[in-house]
A.B. asks: 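For reference, the structure I am asking about is given below.
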Amino acid sequence: METKELIVERKGAVAVLTLNRPEVLNALSDSLVEAVVSEMERLDKEEGVRAVVLTGGSKVFAAGADIKGMADATSQEMQKSDRLAKWERMRKISKPIVAAVSGFALGGGCEMAMSCDMIVASENAVFGQPEILIGVIPGAGGTQRLTRAIGKYRAMEFVLSGRRFSAQQALEWGLVNHVVPNELVVEEAVSLAEEIASRPPIAVRLAKEAVNWAVDVELGEGLVKERQHFYKLFDTEDQKEGMKAFLEKRKPVFKGK
Ligand code: HXC
């Protein structure tokens with residue numbers, strides 16, 4: 001669902017989604033979040049697409065949910081519209097998503113980056129959950145995902161104080177995968193996505209699901225589920241091809257079957 005607020009491009013098997021509300025630092029209006037989520041759902045079904053990059057371009061990722069759109073709302077209105085429910089749909093995307101973060105990733109912006117599977121950040125990226133400064137708390141997963149990513153004590157500091165942290169800190173704490181020069185952030189994210197897109201797609205999908213179990217379920221259950229996925233892959237042509245190619249000392253040709 002390409003709109004003025006969301007630019008959709010294809011680079012081979014990788015789809016690149018660019019948030020495009022520069023006049024408000026890509027503030028995440030309801031319609032922009034809907035466009036992101038529904039486009040990801042569409043791409044999840046499109047056969048030629050094997051990985052997705054989500055970015056705000058080279059200046060800013062997103063400065064949060066659109067404050068204008070909720071400043072006057074009552075609690076009842078917020079609960080009735082349940083506008084944050086649509087964020088849950090991102091969890092169901094089965095293809096890998098790489099965030100390319102430049103500049104501010106604050107509030108809902110930080111939450112959107114953390115809803116992706118990997119994060120490539122530029123040297124000038126700034127992360128934070130500043131909701132406390134405007135009288136609320138994170139509502140799209142920030143308290144949960146940030147805590148899982150960087151630990152309770154650090155998350156407590158940032159969520160309760162509204163302080164921001166740098167790309168370098170995010171790298172040290174394991175929130176981001178790589179920090180690269182500003183102008184290379186999208187390129188690096190696309191290159192990572194392309195590499196993953198060249199791998200056997202069924203195995204990639206099951207691997208993503210299995211890694212997510214490591215944070216979502218108890219260890220014993222995660223190990224059982226992982227083992228089931230491992231066995232399941234022996235029914236795919238790509239497993240036969242991958243192992244045969246290794247033994248024949250040639251490059252495998254994966255078909256996604
Ligand atoms: C609406 C926003 C916005 C936001 C920036 N703008 N962030 N509009 N919602 N979240 C608008 C400004 O009003 C301004 O519009 C324009 O973008 C440029 O912003 P400035 O403030 O002039 O830029 P700068 O001085 O560079 O400061 C950048 C900034 C600051 C530090 C990022 O904009 C800021 O603090 N923004 C709010 C960050 C925040 O609180 N995020 C959390 C939101 S709550 P005009 O018209 O004046 O040019 C949230 C809840 C999540 O995310 C819940 C789940 C989704």
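Read the numbers this way: they start at 1 and go in the same order the structure lists the ligands and their atoms. Since the model is a prediction, treat every value here as computed from it, not as a measurement.
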A.B. asks: Would you say the side-chain atoms of Glu209 and Ser94 include a donor-acceptor pair closer than 3.5 Å?
C.D. replies: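 No, Ser94 and Glu209 have no side-chain donor paired with an acceptor closer than 3.5 Å.
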A.B. asks: Counting from 1, what ligand 1 atoms have a heavy atom of Ala140 closer than 4.0 Å?
C.D. replies: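 So the atoms of ligand 1 that pass are 54 (C), 55 (C).
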A.B. asks: Determine, counting only non-hydrogen atoms of the protein, whether one lies under 4.0 angstrom from atom 52 (O) of ligand 1.
C.D. replies: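 Yes, because at least one protein heavy atom sits under 4.0 Å from atom 52 (O) of ligand 1.
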A.B. asks: Enumerate the atoms of ligand 1 whose separation from the nearest heavy atom of Ile134 is less than 4.0 angstrom.
C.D. replies: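 Near Ile134, the atoms of ligand 1 are 43 (C), 44 (S).
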A.B. asks: Determine, for Lys95 against Glu41, whether the closest basic-nitrogen to carboxylate-oxygen distance falls under 4.0 angstrom.
C.D. replies: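 No.
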A.B. asks: Quick one: are Val98 and Val14 in side-chain contact, heavy atoms under 4.5 Å?
C.D. replies: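 Side chain of Val98 against side chain of Val14, heavy atoms only: no contact under 4.5 Å found.
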A.B. asks: Touching ligand 1 at all, Pro130? Heavy atoms, strictly under 4.0 Å?
C.D. replies: yes
A.B. asks: Compare every heavy atom of Lys255 with every heavy atom of Asp238, then report the nearest pair and how far apart it is.
C.D. replies: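 Heavy-atom minimum between the residues: OD1-N, 2.8 Å.
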A.B. asks: Using a strict threshold of under 4.0 Å (side-chain N to carboxylate O), is an ion pair present between Glu88 and Arg91?
C.D. replies: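 Glu88 and Arg91: salt-bridged.
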A.B. asks: Would you say atom 45 (P) of ligand 1 has a protein heavy atom nearer than 4.0 Å?
C.D. replies: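 Protein heavy atoms within 4.0 Å of atom 45 (P) of ligand 1 - there are none.
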A.B. asks: Any idea which part of Leu133 is under 4.0 Å from ligand 1, heavy-atom wise: side chain, backbone, both or neither?
C.D. replies: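 It is neither part, as no heavy atom is under 4.0 Å.
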A.B. asks: Please find the pair of heavy atoms, one from Pro96 and one from Ile196, that lie closest to each other, and give the distance.
C.D. replies: CG-CG2, 3.6 Å
A.B. asks: Measure up the Phe165 and Trp173 rings against each other and bin them: parallel (under 30°), tilted (30 to 60°), perpendicular (over 60°).
C.D. replies: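 The rings of Phe165 and Trp173 sit tilted, inter-plane angle from 30° to 60°.
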A.B. asks: Distance under 4.0 Å to a non-hydrogen atom of Asp66: what atoms of ligand 1 satisfy this?
C.D. replies: 1 (C), 9 (N)
A.B. asks: Identify, by atom number and element, the atoms of ligand 1 in contact range of Gly139, meaning under 4.0 Å from any of its heavy atoms.
C.D. replies: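 Result: 53 (C).
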A.B. asks: Checking side-chain polar atoms at under 3.5 Å, does Gln79 have a donor or acceptor matched by the opposite partner on Ser75?
C.D. replies: yes
A.B. asks: When you measure from atom 3 (C) of ligand 1 to each heavy atom in Ala27, Ala71, Ser29, which option holds the nearest one?
C.D. replies: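 Closest candidate by heavy-atom distance is Ala27.
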A.B. asks: How about His178 and Glu188: does a side-chain donor come under 3.5 Å of a side-chain acceptor?
C.D. replies: no
A.B. asks: Are the charged groups of Asp44 and Arg205 less than 4.0 angstrom apart, N to O?
C.D. replies: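 Salt bridge flag = no for Arg205 with Asp44.
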A.B. asks: For atom 9 (N) of ligand 1, grab the closest protein heavy atom and report residue, atom and distance to one decimal in Å.
C.D. replies: Ile67 N, 2.9 Å
A.B. asks: Return yes when at least one protein heavy atom is under 4.0 Å from atom 28 (C) of ligand 1, and no when none is.
C.D. replies: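 Yes, because at least one protein heavy atom sits under 4.0 Å from atom 28 (C) of ligand 1.
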A.B. asks: Tell me the protein heavy atom at minimum distance from atom 10 (N) of ligand 1, and give that distance in Å.
C.D. replies: Ala65 O, 2.9 Å
A.B. asks: By number and element, which atoms of ligand 1 are closer than 4.0 Å to a non-hydrogen atom of Phe104?
C.D. replies: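 In order of numbering, the contacting atoms are 28 (C), 31 (C), 32 (C).
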A.B. asks: Starting from atom 21 (O) of ligand 1, which protein heavy atom do you reach first, and at what distance in Å?
C.D. replies: Leu25 CD1, 5.0 Å
A.B. asks: Do the charged groups of Glu194 and Arg199 touch, with an N to O distance under 4.0 Å?
C.D. replies: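 No salt bridge links Glu194 with Arg199.
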A.B. asks: Looking at ligand 1, does Met70 have a heavy atom less than 4.0 Å from it?
C.D. replies: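 Yes, Met70 has a heavy atom closer than 4.0 Å to ligand 1.
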A.B. asks: Look at atom 2 (C) of ligand 1 and say which protein heavy atom is nearest, naming residue and atom and giving the distance to 0.1 Å.
C.D. replies: Val24 O, 3.9 Å
A.B. asks: Starting from atom 15 (O) of ligand 1, which protein heavy atom do you reach first, and at what distance in Å?
C.D. replies: Glu23 O, 4.2 Å
A.B. asks: Less than 4.0 angstrom from a charged side-chain N to a carboxylate O is my criterion; do Glu157 and Arg163 meet it?
C.D. replies: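 Yes, this pair counts.
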A.B. asks: Tell me the protein heavy atom at minimum distance from atom 34 (C) of ligand 1, and give that distance in Å.
C.D. replies: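 In this structure, atom 34 (C) of ligand 1 has Leu106 CD1, 5.0 Å as its nearest protein heavy atom.
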A.B. asks: Give the atom numbers and elements of ligand 1 that come within less than 4.0 Å of a heavy atom of Trp87.
C.D. replies: 55 (C)
A.B. asks: Please list, in number order, the atoms of ligand 1 under 4.0 Å from a heavy atom of Glu131.
C.D. replies: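 So the answer, numbered in order with elements, is 44 (S), 49 (C), 50 (C), 51 (C), 52 (O).
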A.B. asks: Would you mind checking which non-hydrogen protein atom is closest to atom 38 (C) of ligand 1, with the distance to 0.1 Å?
C.D. replies: Ala63 O, 3.3 Å
A.B. asks: Could you list the atoms of ligand 1 found under 4.0 angstrom from a heavy atom of Arg164?
C.D. replies: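 Within the 4.0 Å cut-off of Arg164, ligand 1 contributes 31 (C).
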